[in-house]
Number of protein chains: 2
Amino acid sequence: MVTIKDVAREAGVSVATVSRVLNDNGYVGADTRKKVMEAIAELNYSPNEVARSLYKRESRLIGLLLPDITNPFFPQLARGVEDELSQAGYRLLLGNSDENIQKELEYIQTFVQNNVVGIITATNHVDYKIYEALDLPLVLLDRASENYPAVYADGREGGRLAAKTLIEKGAERITLVKGPANIKPAQDRFQGAIEELSQADVDFSVLSTTSYSFEEAQGWAEELFDKFSDTDGIIASNDIVGIAIIHEAMERGKRIPEDVQIIGYDDIPQSRLSYPTLSTIRQPAYEMGREAAKLLIRTIKKEPGVEQTIQMPVELIERKTTRKE
Amino acid sequence: MVTIKDVAREAGVSVATVSRVLNDNGYVGADTRKKVMEAIAELNYSPNEVARSLYKRESRLIGLLLPDITNPFFPQLARGVEDELSQAGYRLLLGNSDENIQKELEYIQTFVQNNVVGIITATNHVDYKIYEALDLPLVLLDRASENYPAVYADGREGGRLAAKTLIEKGAERITLVKGPANIKPAQDRFQGAIEELSQADVDFSVLSTTSYSFEEAQGWAEELFDKFSDTDGIIASNDIVGIAIIHEAMERGKRIPEDVQIIGYDDIPQSRLSYPTLSTIRQPAYEMGREAAKLLIRTIKKEPGVEQTIQMPVELIERKTTRKE
DNA sequence: CCTCTGTGTGTAACCGGTTACAGATAAAGT
DNA sequence: ACTTTATCTGTAACCGGTTACACACAGAGG
């Protein structure tokens with residue numbers, strides 16, 4: 001490994017001078033600088049981040065904690081975060097928590113142990129004391145909070161919008177799919193939908209589900225049509241479940257959107273490719289990731305007047321599983 | 001921050017002793033050990049990985065470089081890698097290369113700068129000299145190579161299998177979608193399919209595409225049916241494109257699989273949820289990730305007799321876009 | 001001519017761990 | 001009783017950077 005000492009020797013100067021050149025601070029004579037630059041190029045030297053991080057007590061790493069990268073909503077977030085961070089010279093330490101407190105704790109601990117300069121987390125356990133004890137910039141992603149800066153979309157409004165849309169488009173026996181109880185955003189959109197449905201003049205029923213996974217989505221879809229076979233409007237808990245419901249409806253010979261309308265949530269990329277294409281409530285996942293990263297960077301740089309919370313707009317995307325009306 | 005010195009003071013011993021307790025090496029008296037443990041618990045101490053990493057010249061980090069986490073095939077790989085690594089106490093530094101050499105170089109550099117103990121990469125630029133110069137355990141994922149240990153699925157065989165399947169099931173005017181030219185596995189499966197088609201007694205045509213992205217998949221599907229409207233069997237370049245093709249076929253009123261059969265590649269989770277469900281060539285992505293991680297760990301630990309290459313089986317998954325007989 | 005200030009550079013301490021080495025003690029062997 | 005060996009613990013060097021501090025020197029101002 002080429003170290004700063006090797007460069008210093010090669011350039012015939014002290015390590016302090018090399019460091020000054022590297023960091024562009026302090027005084028360095030023009031020709032000395034040149035010699036050092038040449039030595040660096042000659043030896044193909046690149047400074048050891050670990051040593052730097054130890055002394056400065058901060059790295060260029062940022063911890064990103066997601067529930068499960070396998071759920072297509074999260075890669076979008078991750079990608080947004082990464083694009084923004086890498087542009088600013090930060091790198092990503094990634095963890096999947098599976099909504100499991102134990103794993104979450106482990107990752108937070110390694111983040112700290114590795115001197116990350118900030119953490120972005122999409123977690124449901126923000127209230128736990130680990131986060132309190134943390135004196136690191138923290139941004140919540142896809143979750144709201146009183147206590148920490150956060151970037152999220154308005155789930156309640158999204159739920160309302162989904163319900164309102166189905167009602168407007170003439171659905172009369174609506175089935176609302178309720179997402180996992182321990183996932184906050186799932187409950188927000190559920191609440192929003194319930195609000196809207198309650199004050200409208202429609203019949204509705206609720207199907208409770210306990211996961212968003214691909215494996216189980218089909219099961220929920222089957223259960224839905226078994227229990228509520230005459231439903232003519234379905235508000236899915238997310239697009240995965242929505243797509244499974246389309247599949248099952250087609251399987252059972254129902255016409256979409258004539259017999260049954262379906263609306264999803266998230267607008268994951270593949271909802272444009274289902275047949276029929278899925279109408280859905282869009283959360284701008286990629287942008288949310290970017291915003292979270294920007295917010296974190298501003299917090300790290302202690303820029304004044306950092307908004308504590310960014311609420312991103314949700315948006316109805318009308319495709320083919322809702323009527324044109 | 002609580003350091004080893006604080007623990008040493010609290011326990012009334014030297015830092016060396018604390019270190020010995022932490023790492024469970026050297027001699028430590030039973031009651032001394034107890035005192036140290038208590039001090040650690042008392043102060044809620046957790047060692048600084050950065051300092052450790054600096055001295056030992058190795059961290060517990062592993063670099064994972066993927067083309068694009070947003071493509072649903074890769075999160076599966078990533079998850080497999082992560083599950084296996086985190087169990088062994090390693091953490092993940094993640095980068096998206098976008099098949100872009102510049103980004104790839106940057107990430108490899110930060111991996112090195114952060115003292116990673118190994119790298120797993122799904123890259124097309126292994127031949128570049130950066131990798132040669134690297135004296136770090138390296139495992140290729142989803143790519144084959146003469147020079148490095150690798151975990152990949154047999155793309156040629158997969159392509160052959162896809163073609164053979166369509167031929168057996170009676171397709172007579174097959175369209176083969178060729179994936180991006182710069183992506184190695186895309187070309188392997190293409191070659192395999194070409195081989196099989198060439199020596200069979202069928203007509204076939206080739207549609208060249210330049211991306212796997214969701215945004216463009218639909219365009220390829222439209223182009224396909226515009227150019228080859230009477231095709232009765234389609235070998236998609238991957239499942240994303242396959243699902244887009246299903247969508248477009250339905251849109252154009254074609255019956256699947258009666259009028260046109262479609263076979264995808266990868267078996268991403270959502271291919272089970274399309275309508276009709278997509279027949280496809282499965283690559284065991286999650287397991288590939290795990291195997292790559294295992295292989296890397298064995299290489300890191302210098303275990304003898306590490307197989308240099310693991311070829312995972314591909315498998316035909318028959319669903320509803322191919323005929324039953 | 002002398003002080004003051006701005007430049008340029010090196011020495012050494014420091015970050016928080018790990019470990020080589022030395023020294024102390026006790027038990028075991030001769 | 002004396003050496004040998006095993007066990008236990010502390011001191012200090014080390015990892016590769018950063019930076020406080022000291023020092024040297026040149027030009028400006030009095």
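Everything numeric in this text was worked out from a predicted model, so none of it was measured. Order of the sequence lines fixes the chain letters, A, B, ..., with proteins taken first and strands second; residue numbering starts at 1 for each chain.
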Counting side-chain heavy atoms from C-beta on, which of [options] comes nearest to [X]?
| X | options | result |
| --- | --- | --- |
| I4(A) | dC15(C), dG17(D), dC8(D) | dG17(D) |
| V15(B) | dT18(C), dG10(D), dC15(D) | dT18(C) |
| N23(A) | dT18(D), dT19(D), dT18(C) | dT18(D) |
| V13(A) | dT9(D), dT9(C), dG10(C) | dG10(C) |
| S14(B) | dC15(C), dT9(C), dT11(D) | dT11(D) |

Whole angstroms only, please: what is the [atom1]-[atom2] distance between [X] and [N]?
| X | N | atom1 | atom2 | result |
| --- | --- | --- | --- | --- |
| E58(A) | dC15(C) | CD | C1' | 13 Å |
| Y27(A) | dC23(D) | OH | C1' | 15 Å |
| N48(B) | dC14(C) | CG | P | 18 Å |
| K5(A) | dG10(C) | NZ | C1' | 15 Å |
| N114(A) | dC15(C) | CG | C1' | 15 Å |
| R52(B) | dC14(D) | CZ | C1' | 16 Å |
| Y45(A) | dG16(D) | OH | P | 10 Å |
| M1(A) | dC15(D) | CE | C1' | 9 Å |

key: Chi angles and distances behind the salt bridge (Lys or Arg N to Asp or Glu O under 4.0 Å) call for E49(A), R52(A)   = CA-CA 5 Å; E49(A) 267 299 312; R52(A) 190 183 156 284; 3.5 Å; yes

Side-chain N,O ([X]) to OP1/OP2 ([N]) below 4.0 Å:
| X | N | value |
| --- | --- | --- |
| T17(A) | dT9(C) | no |
| T3(A) | dG16(D) | no |
| S19(A) | dT18(D) | yes |

ask   = Just how large is the angle between the end axes of the helix from dC1(C)-dG30(D) to dT30(C)-dA1(D), five pairs per end, to 10 degrees?
value =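 Inter-axis angle at the termini of the helix from dC1(C)-dG30(D) to dT30(C)-dA1(D): 50°.
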
query = Base, sugar-phosphate, or nothing for S53(A), non-hydrogen atoms under 4.0 angstrom?
reply =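 It contacts nothing in the nucleic acid.
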
Considering only NZ, NE, NH1 and NH2 on the basic side and carboxylate oxygens on the acidic side, decide whether [X] and [Y] come within less than 4.0 Å.
| X | Y | result |
| --- | --- | --- |
| D31(A) | K34(A) | no |
| D188(A) | R143(A) | no |
| E38(B) | K35(B) | no |
| D142(A) | K184(A) | no |
| E287(A) | R290(A) | no |

dG8(C) base / R33(A) side chain donor-acceptor hit below 3.5 Å =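 A donor-acceptor contact between them is absent.
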
message = Looking at E303(A), I want to see if its CD is surrounded by more than 12 non-hydrogen atoms of other residues, nucleotides or ligands under 6.0 Å.
response =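 Enclosed: over 12 neighbouring heavy atoms sit under 6.0 Å from CD of E303(A).
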
query = Mapping K56(B) and R20(A) onto DNA chain D by nearest heavy atom, which one lands closer to the 5' end?
reply =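 Result of the comparison: K56(B).
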
query = Is the NZ or CZ atom of R91(A) positioned over Y107(B)'s six-membered ring, under 6.0 angstrom from the centre and within 45° of the axis?
reply =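 Yes.
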
